[in-house]
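So you know, we letter chains A, B, ... as the sequences are listed, proteins then strands, and number each from 1. A quick note: this is a predicted structure, and the numbers were derived from the prediction, not measured.
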2 protein chains.
Amino acid sequence: MLSDRAISASRFTTKPLYLQLRDALAERIARGEWKPGSAIPNESDLAREFGVSAGTMRKALDLMEGEHLLTRRQGRGTFVNDQASDELAVRFNNLRGPDGERILAQVKSTHITEAIANEQERARLQLGPHDRLYRMHRIRQHGGEPFMVEDVAVPVALFPGLGEGKTISPRIVVLAQEYGILLGKAEERVSISEADAGVAEALGLAAGSPVMVLDRVVQTLDGRPVEWRKAWCNLADNHYMAVMV
Amino acid sequence: MLSDRAISASRFTTKPLYLQLRDALAERIARGEWKPGSAIPNESDLAREFGVSAGTMRKALDLMEGEHLLTRRQGRGTFVNDQASDELAVRFNNLRGPDGERILAQVKSTHITEAIANEQERARLQLGPHDRLYRMHRIRQHGGEPFMVEDVAVPVALFPGLGEGKTISPRIVVLAQEYGILLGKAEERVSISEADAGVAEALGLAAGSPVMVLDRVVQTLDGRPVEWRKAWCNLADNHYMAVMV
DNA sequence: AAGTGGTCTAGACCACTCA
DNA sequence: GAGTGGTCTAGACCACTTG
């Protein structure tokens, strides 16, 4: 069995078996071998396939459930998460309405260009001096009113051919799934600023009005930066919500 | 053995053993039976004491490590976390300086009163119509400058005798540890407002200046609200930082 | 009734720390 | 070298879902 060999051969490395299993299974999801929403083989079949005990396989599967890659349900099976699903697509979206419900922003306009990363982009995305990226400029609206302007940057290396006329998902979580990129955590810096002329016009505010600035970097599962987004937001009655554990 | 009986007797409930163990061990920490910073017995001794297998005890201990109650280190042992330690005391504090370092605010003044919860306080702290609470008003400074005004409310039921002249830790994490309360997660709503007269004066701003408003509820490990804090903050060069997983 | 994940056991061996 | 937590195994039984 191929995968059996692959795992056995690496038994002499320092990395624990269950982490190697996690990587092997994640790879299958990333490559599209296991489709979003579909069931994967049960614990004991997988254990047999990889030549490990069921307990070790379980540890890998549990880990992946915590990473939002899988959902396990007693009596049903283990399923590949669809990152475009309602619960997951809004994962890195902390804006909420007065009622506490997550705000689902519509994209009003998008503009995309390709360029060489500037100093700030290189720092945020950990790129080299000649690396290229796609820049996207979007205006989002909510309840018919424009409420957010965002500048997004993603490395060309991770999203090859992104600029070539295909429709682009405005959600990084969905876009990453389409490109076989598994996402881990994101960090967001929240601050207050005064709207400059461009932002003010797009949001229908007076120049100098206070806006909330969201500066977010999304990482892959193994910690490499995937997307840098800076957004200016007319909060109005809404708020940003963070949970701390 | 006492604890042996206690666990065995509850084997017929639906709650999994490892969760019962978690509760029993957490209780020892809350009661001060196991002091912050001290080592607890090893896995197999604990398993023997409670009459369970080592694997089940391990599952409980691992869970508690994830809840910031314990720290386990290979070759050393398992230790009770000190919530007043540098890493943990700032757990619910998301403000950071320009360099990304957490801001440690000094308390400039505190004022404490006891009262019956008003409607908003009852909603946030899930209290009944006649429940009492302590209200605290604080001004915090950073780098010599006042930068935050906060109104804090905690139920009298959880912090009996808080108002009676003792020195009160300005950190809810530390205060909770002193009262034997184990904390779980916190939720914080971030918004923008204009400084009213009182806030403006305390922060040395013009009335109407934009300030960041932090509205935070801290919960116990089992989800009961412990503290409601509303804070007005002169951000300046600083920012709020959230991590999403 | 058959199949799934969830819990629990009893043991082995490894990696790390410290006296 | 003794003691700790970390990994891994091989099995049993339970709880839940579905046909």
Under 3.5 Å, is there a donor-acceptor pair linking the side chains of B:Glu188 and A:Tyr240? no
Protein-nucleotide distance (B:Arg48, atom CZ; C:dA10, atom P), rounded to Å: 12 Å
Check A:Asp215 with A:Arg124, please: is the shortest side-chain N to carboxylate O separation under 4.0 Å? yes
Are B:Glu150 and B:Arg140 close enough for a salt bridge, meaning some N to O gap below 4.0 Å? yes
Charged N to carboxylate O below 4.0 Å: is that the case for A:Glu187 and B:Arg96? no
Can you tell me if the side-chain N/O atoms of A:Arg73 get under 4.0 Å from OP1 or OP2 in D:dT17? no
D:dC8 OP1/OP2 closer than 4.0 Å to side-chain N/O of A:Tyr18: no
Given C:dG5, C:dC8, D:dG5, which nucleotide is nearest the side-chain atoms of B:Leu17? C:dC8
Measure the distance from CG on A:Leu19 to P on D:dT7 and round it to the nearest whole Å. 7 Å
If the condition is ring-ring contact (aromatic ring centres under 6.0 Å, His included), which residues does B:His142 pass it with, not counting sequence neighbours? B:Phe147
Looking only at the side chains, is there a donor atom on one of B:Asn81 and B:Glu87 sitting less than 3.5 Å from an acceptor on the other? no
Roughly, in whole Å, what's the span from CD in A:Gln74 to C1' in D:dC16? 5 Å
Quick check on C:dG5: is either OP1 or OP2 less than 4.0 Å from any side-chain nitrogen or oxygen of A:Thr78? yes
So, with a heavy-atom separation below 4.0 Å from DNA chain D, the residues of residues 53-65 of chain B are B:Arg58
Can you tell me the distance, in whole Å, between the CZ atom of A:Arg72 and the P atom of D:dT17? 15 Å
Distance check needed: C:dA10 C1' versus B:Glu43 CD, whole Å only. 13 Å
Rounded to whole Å, how long is the line connecting atom NZ of B:Lys15 with atom C1' of D:dC14? 19 Å
Whole Å only: how far is the CD atom of A:Gln20 from the C1' atom of D:dC8? 13 Å
Rounded distance (Å) that lies between atom P of D:dG6 and atom CG of B:Asn42: 12 Å
If you look only at pairs with a residue in residues 51-70 of chain B, which of them pass as a side-chain hydrogen bond (donor to acceptor under 3.5 Å, both in side chains), with sequence neighbours excluded? B:Arg22-B:Glu67, B:Glu43-B:Arg58, B:Ser53-B:Thr56, B:Asp62-B:Arg72, B:His68-B:Arg91
Choosing from C:dT7, C:dT9, C:dG6, which nucleotide comes nearest the side chain of B:Pro16? C:dT7
Please determine whether a side-chain nitrogen or oxygen atom of B:Arg76 lies at a distance below 4.0 Å from atom OP1 or OP2 of C:dC18. yes
